[in-house]
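It should be emphasised that the depicted structure is a prediction, and the values quoted were computed from it without experimental measurement.
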Amino acid sequence: MFILNRVLFVGGIIAPQTASLPVMHFFACPCLISPKRNSPYSSVDSERYSSLVKAVMSSRVSSQTPETLQAEDEHIYGPVVKAQMPTHTERRVPKTTHPFFDYERTPEIEEPEPETPVRIPLNRGQGRSSVPSVTRVLQQTLSPEQIFYLERWKRRMISELGEEGFKEYSRNIFRQGKHFHSALEDYMTSAATAPSETPEYPPEVQGYMESISHILEDVGAVRAIESTVQHETLNYLGIVDCVARYRGVLCVIDWKTSEKPKPFLSNTYDNPVQVAAYAGALNNDKNYKYQVENGLIVVAYKDGSPAHAHQLNSELMSEYWRAWLLRLEDFTEQK
DNA sequence: GGATCCTTCTTCTTCTTC
């Protein structure tokens with residue numbers, strides 16, 4: 001029984017096409033005998049086959065539900081890390097509802113726009129080594145579902161590419177993301193210092209830059225690039241990609257590369273939480289004299305197709321800020 | 001000078017039947 005389940009499981013998950021082959025043959029054979037002569041079912045013991053159909057279909061269906069997959073996975077790989085379900089966390093309220101803004105500060109509108117963007121480098125040496133980063137907190141507080149689907153995806157990829165192939169693939173997508181970010185950094189810096197000059201991009205990022213060209217037209221007054229932000233009371237830090245005006249609105253902008261299209265905000269997973277975390281840190285970091293209440297997630301594509309831009313207004317940002325506070329709470333409780 | 005850090009990404013039950 002276990003072996004049978006395994007076969008179906010492996011087929012359903014790792015290689016759905018191969019899994020459906022035996023089933024297809026099974027059904028196809030009677031039909032292929034003589035599709036134009038008598039009824040394809042006339043020579044078939046339908047009673048007998050219908051029970052088989054039911055048996056096969058029911059086991060196929062059940063083998064592909066997340067619950068069964070998870071049970072199978074736990075059987076083989078051990079239980080996944082336990083954490084609260086997202087349905088619960090959505091209803092949860094942060095224990096300390098720390099404000100997103102520092103209301104004692106001057107509104108950003110009164111602050112003069114700087115001529116060149118700020119870039120505060122990360123300085124881990126100065127008593128910051130114990131301060132957790134946004135990425136670390138998000139990674140260590142993933143929901144069981146997220147962990148499950150990520151692990152499943154990873155296993156699928158390894159089964160296709162092999163261990164080494166998967167490592168190579170991961171290195172590549174990280175490298176592309178990094179190159180895209182440094183190309184953007186060059187673009188922003190040169191746009192501020194020498195607006196007439198258009199920097200040359202390495203071939204690897206040309207598609208991405210083309211993808212975001214229509215977004216860049218609406219980006220201006222860049223205030224910060226790749227700059228460290230640290231929340232003074234909540235004690236976490238991160239590096240914001242960019243703080244600039246998008247269509248006149250001051251935003252924390254997060255640039256992303258993606259192989260799959262991400263036309264909806266929900267396709268970006270934890271990205272909105274990440275952006276809210278950065279904005280909240282910036283709003284409570286004395287190195288920045290202004291407040292940012294909006295966010296923007298830009299997803300760029302390598303083939304140059306138009307990037308998707310997801311705007312986060314102040315209402316959404318406050319919502320994701322609460323989600324961030326919960327993640328931060330979970331992280332602290334884990335320790 | 002080596003080690004570590006922050007990032008850079010990756011996920012979302014599924015089929016028919018002309």
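Residue contacts for Glu259(A): at a heavy-atom cut-off of 4.0 Å it reaches the sugar-phosphate backbone alone, with no base atom in range. Counting any heavy atom pair closer than 4.0 Å across all strands shown, Ser258(A) reaches sugar-phosphate atoms only and no base atom. The residue Tyr278(A) sits close only to the backbone: its heavy atoms come under 4.0 Å of sugar-phosphate atoms, none of a base. Among the heavy atoms of the strands lying under 4.0 Å from Lys256(A) are primed sugar atoms or P, OP1, OP2 only; no base atom is included. Ser133(A) comes within 4.0 angstrom of the backbone, heavy atoms only, and of no base. Nucleic acid contact for Ile239(A): sugar-phosphate only, since backbone atoms but no base atoms lie under 4.0 Å from a heavy atom of the residue. Heavy atoms of Gln274(A) sit under 4.0 angstrom from primed sugar atoms or phosphate atoms, though from no base atom. Residue Asn172(A) is out of contact with every strand shown, counting any heavy-atom pair closer than 4.0 Å.
Atom-to-atom, CH2 of Trp255(A) to C1' of dC9(B) comes out at 18 Å; the value is rounded to the nearest Å. At whole-Å resolution of the value, CD in Glu168(A) and P in dC9(B) are 17 Å apart. One atom, CD1 of Ile158(A), and another, P of dT10(B), lie 16 Å apart when rounded to the nearest Å. We find that CZ of Arg171(A) is positioned 14 Å from C1' of dC9(B), with the value rounded to whole Å. For Arg175(A) and dT7(B), the CZ to P distance is 22 Å, given to the nearest whole Å. Atom CZ of Phe174(A) is separated from atom P of dC9(B) by 8 Å (rounded to the nearest Å). Rounded to whole Å, atom C1' of dT13(B) lies 12 Å from atom CD of Glu145(A). Going from atom CD of Glu204(A) over to atom C1' of dC9(B) covers 13 Å, rounded to whole Å.
Between Lys167(A) and dC9(B), a side-chain N or O to OP1/OP2 separation shorter than 4.0 Å is absent. Between Lys178(A) and dC9(B) there is no side-chain N or O to OP1 or OP2 distance below 4.0 Å.
Side-chain atoms of Thr257(A) lie closest to dC9(B) of the nucleotides dT10(B), dC9(B), dT11(B).
For Glu333(A), the CD atom counts as densely surrounded, since its 6.0 Å shell holds more than 12 non-hydrogen atoms of other residues, nucleotides or ligands.
For Ser211(A) (side chain) and Gly304(A) (main-chain N/O), no donor-acceptor pair under 3.5 Å exists by modelled atom type.
The aromatic ring centroids of Trp324(A) and Tyr236(A) lie less than 6.0 Å from each other. Aromatic ring centroids of Tyr301(A) and His308(A) lie under 6.0 Å apart.
Using modelled atom types, one finds a donor on one side chain and an acceptor on the other under 3.5 Å when comparing Lys256(A) with Gln274(A). In this model, no donor atom of one side chain and acceptor atom of the other lie less than 3.5 Å apart for His231(A) and Asp285(A).
More than 90° away from 0 lies the glycosidic angle of dT7(B), which makes this nucleotide anti.
Residue Tyr149(A) and nucleotide dT11(B) are not classified as a stacked aromatic pair, given the requirement of ring centres less than 5.5 Å apart at an interplanar angle below 30°.
Along DNA chain B, the nucleotide nearest Asp254(A) and the nucleotide nearest Leu150(A) are compared for position; the residue whose nucleotide lies closer to the 5' end is Asp254(A).
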